[in-house]
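All remarks here apply to the structure that follows.
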Amino acid sequence: MMGQGRERNLCDNLNHRRAQAPVRHCPMCGGIVNQRVRAPLCSETQHALSRRQGSAFCADCGTRLVADR
């Protein structure tokens with residue numbers, strides 16, 4: 001069940017359904033899933049690691065990591 005004030009999201013990532021997601025942004029669609037998580041300063045090294053792990057977006061800052069397929 002979705003909480004009040006939450007929009008229905010078509011992304012399959014389960015962070016959208018969690019009340020207290022451990023990340024700020026969804027790594028699949030880039031949408032904000034938990035505004036309470038502090039956004040750290042990201043580096044290109046961290047973004048490269050996230051790309052290798054298969055993320056399309058940075059879970060910390062929401063930056064798109066891969067080009068559209």
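Taking the side chain as every heavy atom from C-beta outward, L65 and P27 never approach each other to under 4.5 Å.
Between the SG atom of C42 and the CG atom of L49 there is a distance of 11.5 Å, given to the nearest 0.5 Å. One distance of note links CG of N13 with NE2 of H25; it measures 13.0 Å at 0.5 Å rounding. Interatomic distance, CZ of R24 versus CG of N34, reported as 8.5 Å (0.5 Å rounding). Taken to the nearest 0.5 Å, the CZ atom of R51 stands 11.5 Å off from the CD atom of Q53. Separation of atoms NE2 (H16) and SG (C26) is listed at 3.5 Å; rounding is to 0.5 Å. From R38, atom CZ reaches atom CG of D60 across 12.5 Å, with rounding to the nearest 0.5 Å.
Using modelled atom types, no side-chain atom of S55 and backbone atom of C58 make a donor-acceptor pair closer than 3.5 Å.
Taking both residues in full, the closest heavy atoms of Q46 and L41 are given as OE1-O, 3.6 Å, listed atom of the first, atom of the second, then distance.
Counting non-hydrogen atoms of neighbouring residues, nucleotides and ligands closer than 6.0 angstrom, the CD atom of Q35 reaches no more than 12 such neighbours.
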Report the C-alpha distance between V37 and V23 in whole Å, list the side-chain angles of each, state the deciding distance to 0.1 Å, and finish with yes or no for side-chain contact (heavy atoms from CB on, under 4.5 Å).
CA-CA 6 Å; V37 173; V23 294; 6.0 Å; no
